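For the numbers below, each heavy atom of this structure counts, side chains included, while hydrogens, waters and symmetry mates do not. Keep in mind that what you see is a predicted model, and the values were worked out from it rather than measured.
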Amino acid sequence: IYITGKEVLLDSVTELTRVTAVDGIIICVSAVIPQEELLDAFLLQTNNEEGESGGGDCWETVLDGGLAFADSGEATIDLGANLYSFRRR
């Protein structure tokens, strides 16, 4: 999605916002999208009726692309990419 341009990424997140139920979780594994741009794409989504971006009230960041640890203590160091997840508010 990102390879075709940042606008397509933003449009895709808008569509994910529309179709994801409250408390639904989106998981993304990426080595292509810069961390700041991916986080911003989710954090800028809003629930306003006009569909405008801004306000950041749609998504909570669960995993931000940094190290993540399983309950067993295993870490995400061998992915070769960053692990992200977002919960729909």
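- Taken to the nearest 0.5 Å, the CD1 atom of I26 stands 12.0 Å off from the CZ atom of R87.
- Under the side chain to side chain contact (heavy atoms under 4.5 Å, CB included) criterion, L67 pairs with F69, T76, I77, not counting sequence neighbours.
- For the atom pair F42 CZ and R88 CZ, the distance stands at 11.0 Å (nearest 0.5 Å).
- Proximity of a side-chain donor or acceptor of E60 to a complementary backbone N or O of R89 within less than 3.5 Å is not detected.
- Pairing each heavy atom of A31 with each of G80, the nearest pair is CB-O, 3.6 Å.
- Using a 4.5 Å cut-off on side-chain heavy atoms (C-beta onward), L39 and F86 make contact.
- Here the side chains of Y2 and L38 are not in contact, with every heavy-atom distance at 4.5 Å or above.
- The minimum heavy-atom distance between V32 and S30, with the atom names listed, is N-OG, 3.2 Å.
- Within 6.0 Å of the CD atom in E36, the count of heavy atoms belonging to other residues, nucleotides or ligands does not exceed 12.
- The hydrophobic cluster containing L43 does not contain V22, counting ILVMFWY residues as joined when their side-chain heavy atoms lie under 4.5 angstrom apart, directly or transitively.
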N/O donor-acceptor pairs under 3.5 Å from side chains in residues 4-13, not counting sequence neighbours:
residue : atom : partner : partner atom : Å
T4      : OG1  : I1      : O            : 2.7
S12     : OG   : V8      : O            : 2.8

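- When side chains are defined from C-beta on, V62 does not count as touching I27, because their heavy atoms never get closer than 4.5 Å.
- Put simply, L44 and V19 are part of two different groups of oily side chains (I, L, V, M, F, W, Y) that touch within less than 4.5 Å, one to the next.
- Considering only residues two or more places apart in sequence or on other chains, N82 meets the side chain to side chain donor-acceptor pair (under 3.5 Å) condition with Y84.
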